[in-house]
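Okay, so here's the structure we're looking at.
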Amino acid sequence: MKLRNLLSLCSLVAFSVTATTHDQDEYDYIPVPLADQKADLIDNDSDGVINARDLCVITPEGSVIDNDGCEKYIDTTQSMAIRVLFDNNSTEIKSVFQRQIRQMAAFLNAYPETTIEIQGYASIVGNPEKNLVLSQNRADAVRQAIINNGISPDRLTIVGFGDTKPEELGSNEFSHAMNRKVVASVVGYKGEVEKQWTIFTKIDK
């Protein structure tokens, strides 16, 4: 009898423990929280900087960039010069010099921030006052030729030196011919994008 009562008591204790354990294992359903994304992570130009903080949204492919997503530039310098010679007492530009005119116009188009001074000269033959006017007219002829190739007039200034600054000091025909001239030079600064090196970068041999 005592054994039966003892077994019954053990069964009740075991049931109570089991029931309590199951009750503790039950929880209310908690839904998965949704992320509060304040800005998208899209990177349209694939430079590693998301649109939300990219200050340069169209970055050349393969360029080195800064923290703002902008490409880095390397300063390069190029120069262009012309030298046009004239016949005695003439302002006509010979056809052989037209190529220089076109090249100067192309350079100015490539570097739109530049301006140039066109300098005219004359030989020591003749009256100094007339030579001064002649040198100015020669410079103006070259200026007009460059304008005709699409360059804005306000980027071109002229100055005439007459026969005051001869290149050749002799009094022979060669010296006179070298001193009847118009010269101009300009330096342009233009940045080139610094490219990022990869294992696919081709090295010229």
Where Asn137 and Thr91 come nearest, the two heavy atoms and their spacing: CB-CG2, 3.8 Å

Donor-acceptor pair, side chain of His176 and main chain of Ser171, under 3.5 angstrom: yes

Shortest non-hydrogen contact from Gly170 toward Ser175: O-CB, 3.2 Å

Gap separating the CG atom of Asn131 from the CD1 atom of Ile124, nearest 0.5 angstrom: 9.5 Å

Nearest atoms (heavy-atom pairs only) where Gly188 meets Thr114: CA-CG2, 3.9 Å

ILVMFWY network linking Ile93 to Val96, side-chain heavy atoms under 4.5 angstrom: yes

Euclidean distance, Phe86 CZ relative to Ser123 OG, rounded to 0.5 Å: 12.5 Å

CE on Met80 to CG on Leu108, rounded to 0.5 Å: 9.0 Å

Single-linkage hydrophobic cluster, 4.5 Å side-chain cutoff, Met178 and Val125 together: no

Arg180/Glu173 ion pair, N-O < 4.0 Å: yes

Val186 vs Met104 side-chain heavy atoms within contact, under 4.5 Å: yes

Nearest non-hydrogen partners of Ala139 and Gly120, listed with the distance: CB-N, 3.8 Å

Other ILVMFWY residues reachable from Val133 by side-chain steps of under 4.5 Å: none

Distance-only polar pair, side chains of Gln98 and Gln100, donor-acceptor under 3.5 Å: no

Euclidean distance, Ile151 CD1 relative to Asp154 CG, rounded to 0.5 Å: 10.5 Å

From OG1 (Thr157) to CD1 (Ile116), nearest 0.5 Å: 7.5 Å

Hydrophobic cluster membership, Val84 vs Leu134, 4.5 Å side-chain cutoff: no

Interatomic distance, Leu132 atom CG to Asp163 atom CG [nearest 0.5 angstrom]: 8.5 Å

For the student: nearest non-hydrogen atoms of Arg138 and Asp87, plus distance: NH2-O, 3.1 Å

Set of salt bridge (Lys or Arg N to Asp or Glu O under 4.0 Å) partners for Arg155, sequence neighbours left out: none

Exercise: do Asp140 and Gln136 side chains pair donor with acceptor under 3.5 Å: no

Co-members of the apolar cluster containing Val183 [side chain, <4.5 Å]: Tyr121, Val159, Phe161

Arg143 with Glu117: basic N within carboxylate O range, under 4.0 Å: no

